[in-house]
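Keep in mind that the numbers below use all heavy atoms, side chains included, and drop hydrogens, waters and symmetry copies. What you are looking at is a predicted structure, and each value in this text was computed from that prediction instead of being measured.
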Amino acid sequence: MFVNRTIASLKSGVIASTLVAALFAVPSVSQAEIREMRLRAGTSQSDQHPDYLGFKKFAEIVSEKSGGKIKITVAPGATLGTDIQMQANLQAGTQDFMTTSPVTMAGQIPQVSILDLPYVFKTSEEYDKLMDGPVGAKFNELMAEKGWIGLGFTNNGFRETTSKVKPITKWEDFAGLKIRAIQNPMYLELFKTLGANPTPLPVSEIYTALETGTVEAQENPLPQIVFMRLFEVQKYLSLTNHSLNSVVLLMGKPSWNKLNDDEKKLITEAALEVTLYKRDLVKTKTANWLKAVQEAGVGVNEISPDERQRFAVKTNPIVEKFSAELGRDFSDFYFAELKKVRATSN
């Protein structure tokens with residue numbers, strides 16, 4: 001079964017997550033020990049986005065495993081609020097699940113900013129392996145302290161830059177560009193360092209801001225660019241690959257604490273299964289998303305290896321500054337684990 005493949009894949013790495021440890025310690029689930037319940041999930045992404053598709057798959061798996069006893073409704077398009085609002089909903093127990101970029105949690109967990117530091121990851125596989133080990137376990141601990149249960153880390157590929165005024169071929173092209181940025185100090189400083197004028201906005205406001213001229217550029221991974229139809233209000237897509245769009249599946253701690261051991265095991269199993277499903281989905285669809293942007297008439301340009309290295313050099317002070325601010329013990333641990341991942345991949 002797919003879940004066996006998932007568990008085998010995760011067990012083959014260095015799994016330190018307390019959730020995974022609990023999964024293998026609890027006896028197999030009996031449907032007779034699962035109660036009837038209705039749970040709510042939300043995402044700020046559209047109903048075509050892989051975050052939503054992954055959630056729908058999660059709901060299907062949970063329903064199947066529970067014999068139809070546990071039903072999860074999934075609300076797309078920020079119906080339940082912005083990412084930050086939904087995070088508060090989970091903490092208050094008024095919403096059960098959400099997907100979000102961990103970087104949006106930086107106001108309460110500053111360490112998550114390290115995941116989006118520029119030009120750190122070479123491939124999405126590096127990220128996946130890193131988060132399946134001690135680093136992912138550490139973030140699960142930090143999130144639990146704030147009222148969130150981390151159920152799995154995925155990503156939506158590298159973040160790219162779109163603009164309605166000019167393509168980006170070198171870092172100097174960001175000079176004076178009015179660009180929407182994530183509501184996070186690291187991203188704001190990143191684009192200021194590149195010479196742009198960043199405006200922090202939630203993802204649900206990007207299209208309107210581009211359409212009205214509040215901003216003239218934005219940066220996001222390909223699925224957001226496609227399924228938010230940003231190509232309708234942008235002329236250029238530059239493959240800057242400046243950071244990886246990390247995603248975490250969260251359950252609110254109040255909701256988690258209402259579950260018995262068998263229900264927790266069921267939710268954890270389903271989350272492990274859908275984590276691999278979502279990772280595979282993004283990898284297989286990336287070429288199609290890029291083609292969709294090109295067919296919409298948007299000019300697409302690569303960044304040469306030499307210019308990408310110049311980007312990395314220019315933004316390295318951001319990496320150094322935020323690594324230091326997050327604490328050297330934490331940052332050294334993070335980069336040491338990344339180094340181990342690369343060593344085992346070579």
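Hydrophobic clustering, with ILVMFWY side chains joined whenever heavy atoms are under 4.5 angstrom apart, keeps Leu188 apart from Val215. Under a hydrophobic clustering in which Ile, Leu, Val, Met, Phe, Trp and Tyr are joined whenever their side-chain heavy atoms come within less than 4.5 Å, directly or via other members, Leu290 and Val298 fall into the same cluster. Tracing side-chain contacts under 4.5 Å through hydrophobic residues (I, L, V, M, F, W, Y), one never reaches Tyr236 starting from Val293; they form parts of separate clusters. Follow the hydrophobic side-chain contacts under 4.5 Å out from Leu130 and you reach Val248 in the same cluster. A single hydrophobic cluster is not seen to contain both Leu281 and Val247; linkage of ILVMFWY side chains at heavy-atom distances under 4.5 Å, directly or through other members, places them apart.
Residues that satisfy the ring pair (Phe, Tyr, Trp, His ring centres under 6.0 Å) test with Tyr127, not counting sequence neighbours, are Phe121. Scored by the side-chain contact (heavy atoms from CB on, under 4.5 Å) test, Arg308 finds Tyr119, Asn241, Ile303 as partners (sequence neighbours excluded). Remark: Phe191 pairs with Phe174, His242 by the ring pair (Phe, Tyr, Trp, His ring centres under 6.0 Å) rule, at least two apart or across chains. Scanning for side-chain contact (heavy atoms from CB on, under 4.5 Å) contacts around Asn184 gives Val103, Ala106, Ser113, Ile182, Met186, Tyr187, with sequence neighbours left out.
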For a side-chain contact (heavy atoms from CB on, under 4.5 Å) check, start with the C-alpha distance between Phe227 and Gln45, then their side-chain angles and the critical distance, and finish with the verdict.
CA-CA 8 Å; Phe227 297 122; Gln45 305 299 344; over 6 Å; no
The test is side-chain contact (heavy atoms from CB on, under 4.5 Å); show your working for Ile61 and Tyr277 and say whether it passes.
CA-CA 11 Å; Ile61 296 169; Tyr277 167 84; over 6 Å; no
Check against side-chain contact (heavy atoms from CB on, under 4.5 Å), Asn220 and Asn156:
CA-CA 9 Å; Asn220 258 303; Asn156 288 323; over 6 Å; no
Glu337/Lys340 under salt bridge (Lys or Arg N to Asp or Glu O under 4.0 Å): CA gap, chis, key distance, verdict
CA-CA 5 Å; Glu337 291 298 323; Lys340 291 178 185 177; 3.2 Å; yes
Going through the distances and angles, do Thr212 and Thr214 end up as a side chain to side chain donor-acceptor pair (under 3.5 Å)?
CA-CA 6 Å; Thr212 59; Thr214 302; 3.1 Å; yes
For Leu194 and Lys314, run side-chain contact (heavy atoms from CB on, under 4.5 Å): C-alpha distance rounded to whole Å, both residues' side-chain angles, the deciding distance at 0.1 Å, then the answer.
CA-CA 8 Å; Leu194 293 171; Lys314 179 65 176 177; 4.0 Å; yes
Salt bridge (Lys or Arg N to Asp or Glu O under 4.0 Å) evaluation trace for Glu269 with Lys265
CA-CA 6 Å; Glu269 283 184 338; Lys265 175 177 168 55; 2.8 Å; yes
Checking Ser243 against Asp116 for the side chain to side chain donor-acceptor pair (under 3.5 Å) test, could you report, in this order, the C-alpha distance in whole Å, the side-chain angles of both residues, the deciding distance, and whether it holds?
CA-CA 6 Å; Ser243 67; Asp116 281 41; 4.6 Å; no
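No donor-acceptor distance shorter than 3.5 angstrom exists from the side chain of Thr315 to the backbone of Ile318, with no hydrogens or angles considered. Here the side chain of Thr82 pairs no donor or acceptor atom with the backbone of Ala78 at under 3.5 angstrom. Side chain of Arg40 to backbone of Thr94: a donor-acceptor contact under 3.5 angstrom is found. Within the 3.5 Å criterion, the main-chain N or O of Thr240 finds no donor-acceptor partner in the side chain of Ser238. Between the Glu216 side chain and the Lys178 main chain, a donor and an acceptor come within less than 3.5 Å of each other. Looking only at distances, a side-chain donor or acceptor of Glu126 sits under 3.5 Å from a matching main-chain atom of Lys122. Formation of a donor-acceptor pair under 3.5 Å by the Glu160 side chain with backbone atoms of Pro221 is not found in this model. Judged by distance alone, the side chain of Ser63 and the main-chain N or O of Ala59 form no donor-acceptor pair under 3.5 Å. Listed for the Lys164 side chain is a donor-acceptor partner under 3.5 Å among the backbone atoms of Leu210.
In this pair, Phe330 and Tyr334 present their aromatic rings parallel. The plane angle is below 30°, not in the 30 to 60° band.
Contact check for Pro110 versus Glu325: no side-chain heavy atoms found under the 4.5 Å cut-off. Contact check for Met98 versus Asn89: no side-chain heavy atoms found under the 4.5 Å cut-off. Taking the side chain as every heavy atom from C-beta outward, Asn245 and Ser101 approach each other to under 4.5 Å. Inter-residue side-chain proximity for Glu60 and Glu64 is flagged as unmet; no heavy-atom pair is nearer than 4.5 Å. Within the 4.5 Å cutoff, no side-chain heavy atoms of Leu142 are placed close to those of Met105. With a 4.5 Å cut-off on side-chain heavy atoms, Ser255 and Leu39 do not count as touching.
Here the rule is salt bridge (Lys or Arg N to Asp or Glu O under 4.0 Å) with Glu263, and of Arg35, Lys65, Lys258, Lys69 only Arg35 fits it. Exactly one of Gln218, Arg229, Glu232 qualifies for a side-chain hydrogen bond (donor to acceptor under 3.5 Å, both in side chains) with Tyr207. That residue is Glu232.
Judged purely by distance below 3.5 Å, without hydrogens or angles, the side chains of Asn155 and Asp128 pair a donor atom with an acceptor atom.
Applying the ring pair (Phe, Tyr, Trp, His ring centres under 6.0 Å) test to every pair with at least one member in residues 48-72, sequence neighbours left out, gives these pairs: Phe58-Phe97.
A salt bridge links Lys170 with Asp173; the closest basic N to acidic carboxylate O contact falls under 4.0 Å. In summary, Arg310 and Glu307 engage in a salt bridge, as defined by a charged side-chain N under 4.0 Å from a carboxylate O.
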Taking distance alone, no hydrogens or angles, what donor-acceptor pairs closer than 3.5 Å link side-chain atoms of residues 143-154 to residues at least two apart or in another chain?
unit_1: Trp148; atom_1: NE1; unit_2: Gln87; atom_2: O; d: 3.0
unit_1: Thr154; atom_1: OG1; unit_2: Lys278; atom_2: NZ; d: 3.0

